[in-house]
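Before any comments, here is the structure.
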Amino acid sequence: MKNRLNYFIVTVIVVFFAMAADVFIIYQLGNYETRFLEIYGAEQDGYVKIILEQINRLDDQGTDEDITEIISTLDATASRYWTLSKGDSILFVKSVTETNRYKGFTDGTYYATETASAFMNSLNVNEVNHRIIYLDEDRFVASGMIFNWQGEQYRICLLTYDRVVLEDNILLECKNSIIIILSLILAMMIILSMMMSRKIRKQSRALDKQEERVIWQNQQIERLDERLKREYAFSANRHIFRNVMLEEFLESLDDKNVYPLHFAVFQAQSGEAREGFYDRMQALLDNRVLRFAMEEQMVLLIFVKYNREVSEGLIESLEDIDVRGLGDLYCKDNMRSYKAQFRQFWKAVKGKCEKRNCTGNTD
């Protein structure tokens with residue numbers, strides 16, 4: 001759950017970054033457009049100066065109509081047109097038809113927006129200025145100035161709709177190309193982040209499953225190890241049991257009704273001889289022979305479910321110069337308890353040892 005939450009957070013961060021980058025790109029494109037319009041406005045200022053030079057060529061006999069006629073002969077469309085005002089009165093707007101609509105109105109009526117009004121108030125005498133203004137929510141690049149003629153002040157302005165500049169084929173193509181490329185890059189970032197997040201989530205799930213499998217395998221190994229330890233701990237061919245455990249084994253064999261049993265007692269001449277005897281037992285005997293270390297270098301072997309001839313042959317093969325047999329007892333069944341039969345056998349062995357000046361004790 002925690003990993004899923006982390007991947008979700010990473011994906012959200014990438015998406016948020018892409019959205020922020022998109023907003024930043026749009027903002028920068030807006031700045032780019034504004035700056036481009038500013039540059040265009042500077043070039044447009046030169047055109048206004050040229051028209052002013054034509055107006056100044058009129059002699060003193062010229063009238064307002066002459067100035068209006070010069071402006072009306074210029075190319076004008078809905079996207080690019082001229083305005084002329086004398087004092088606060090409008091003399092010309094776009095065309096003769098449009099001018100008639102504003103007869104008797106002040107230029108403040110036409111330039112009613114905040115940006116347009118600020119532009120008109122910023123104009124200086126014989127100094128062309130430009131600014132980006134808004135008229136009825138449309139954006140224009142406006143260039144204008146104040147000039148004196150026959151003792152009167154006139155305001156002349158040239159307005160160009162921003163789309164005329166910005167939707168030029170080459171410029172628009174470049175702008176659209178930038179937007180498309182950047183949009184594709186951002187989309188690829190989002191898609192790649194989601195793909196990577198999904199891949200990492202799958203790998204995490206695979207690792208979790210692998211970790212669970214490793215834990216399960218370790219548990220199985222531990223169980224097998226415990227089982228092997230238990231088997232090793234009670235494996236007759238690997239252990240020499242102490243004589244205090246003898247009666248417990250005999251009772252267990254009685255309870256399980258295991259038969260026949262063959263008891264055999266050996267005595268080594270020394271501790272080293274007994275250790276060598278243990279090595280021989282390891283090589284010759286299997287798990288069905290129980291081994292008990294008795295006192296005075298004595299060793300008791302109990303052959304479980306052995307044929308008598310086989311067990312007797314093994315008993316004979318175990319004897320050598322340093323280890324001699326003290327006696328053996330073959331029990332076909334446990335009609336009398338093994339414990340009782342062994343006690344009688346052990347008593348005889350002890351008596352035999354006493355005659356040979358040796359002792360042994362199971363108590």
Side-chain angles (χ1 to χ4, degrees), residues 224-363:
L224 180 60
D225 186 55
E226 288 295 327
R227 182 177 177 182
L228 290 174
K229 286 180 179 179
R230 288 195 300 268
E231 290 182 357
Y232 182 83
F234 295 100
S235 179
N237 68 340
R238 291 184 176 88
H239 277 75
I240 308 297
F241 300 103
R242 293 165 49 188
N243 59 353
V244 294
M245 299 179 65
L246 177 58
E247 291 190 358
E248 183 179 348
F249 272 89
L250 294 176
E251 289 176 357
S252 177
L253 292 170
D254 263 325
D255 294 338
K256 293 179 180 179
N257 198 27
V258 177
Y259 61 89
L261 298 185
H262 196 166
F263 297 96
V265 179
F266 298 84
Q267 185 177 42
Q269 298 296 325
S270 63
E272 293 179 359
R274 188 168 69 171
E275 292 299 324
F277 184 61
Y278 290 159
D279 293 336
R280 289 207 311 278
M281 287 192 300
Q282 181 75 21
L284 295 175
L285 305 180
D286 58 19
N287 283 333
R288 290 187 297 158
V289 182
L290 303 176
R291 303 151 175 89
F292 295 89
M294 313 300 281
E295 296 181 4
E296 298 297 334
Q297 311 301 334
M298 299 174 68
V299 178
L300 169 66
L301 301 182
I302 303 178
F303 294 83
V304 181
K305 291 186 177 182
Y306 265 82
N307 182 278
R308 184 166 187 168
E309 289 77 12
V310 176
S311 58
E312 285 179 347
L314 290 172
I315 292 170
E316 291 178 2
S317 65
L318 289 172
E319 292 188 85
D320 60 11
I321 298 175
D322 296 324
V323 179
R324 68 177 184 274
L326 297 180
D328 65 283
L329 172 66
Y330 188 78
C331 302
K332 293 182 179 180
D333 54 49
N334 60 340
M335 296 298 291
R336 285 179 59 215
S337 68
Y338 290 133
K339 187 187 296 186
Q341 295 183 70
F342 176 75
R343 284 179 177 174
Q344 184 177 359
F345 166 65
W346 185 246
K347 185 177 181 180
V349 171
K350 288 177 65 178
K352 190 175 181 180
C353 283
E354 290 175 357
K355 291 180 181 180
R356 295 182 181 180
N357 297 320
C358 61
T359 60
N361 185 15
T362 61
D363 296 332

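Bear in mind the structure is a predicted one, so any value in this text is a computation, not a measurement.
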Pairwise side-chain contact, [X] with [Y], heavy-atom cut-off 4.5 Å (strictly under):
X	Y	value
Tyr259	Cys331	no
Asn334	Leu253	no
Leu301	Leu318	yes
Leu329	Val349	no

By side chain to side chain contact (heavy atoms under 4.5 Å, CB included), which residues pair with [X], not counting sequence neighbours?
X	result
Glu319	Phe266, Arg324
Lys305	Val258, Arg288
Ala348	none
Ser252	Lys256

Measure across Ala264 and Ile315 and return the closest heavy-atom pair with its distance rounded to 0.1 Å.
CB-CD1, 3.6 Å
Ignoring hydrogens, what is the shortest heavy-atom contact between Leu284 and Ser317? Give both atom names and the distance.
CD1-OG, 4.0 Å
[X]: ring pair (Phe, Tyr, Trp, His ring centres under 6.0 Å) partners, not counting sequence neighbours:
X	answer
Tyr338	none
Phe292	Phe241, Phe249
Tyr330	His262

So does Arg336 get a backbone contact from the side chain of Gln341, meaning a donor-acceptor N/O pair under 3.5 Å?
yes
What residues form a side chain to side chain donor-acceptor pair (under 3.5 Å) with [X], not counting sequence neighbours?
X	result
Asp255	none
Glu275	none
Glu251	Lys339
Asp320	Arg280

Any idea how Phe303 and Tyr306 line up, ring-wise: parallel (<30°), tilted (30 to 60°), or perpendicular (>60°)?
perpendicular
Would you list the pairs meeting salt bridge (Lys or Arg N to Asp or Glu O under 4.0 Å) in which at least one residue belongs to residues 307-318, sequence neighbours left out?
Arg308-Glu312
Any chance you could lay out the side chain to side chain contact (heavy atoms under 4.5 Å, CB included) test for Ile302 and Phe342, step after step, and finish with the verdict?
CA-CA 10 Å; Ile302 303 178; Phe342 176 75; over 6 Å; no
Just wondering, are more than 12 heavy atoms of other shown residues or ligands nearer than 6.0 Å to CD in Gln269?
yes
Output, in order, the C-alpha distance, side-chain angles, deciding distance and verdict of side chain to side chain contact (heavy atoms under 4.5 Å, CB included) for Met298 and Leu326.
CA-CA 9 Å; Met298 299 174 68; Leu326 297 180; 3.4 Å; yes
Test log, rule side chain to side chain contact (heavy atoms under 4.5 Å, CB included), inputs Leu314 and Leu285:
CA-CA 8 Å; Leu314 290 172; Leu285 305 180; 4.1 Å; yes
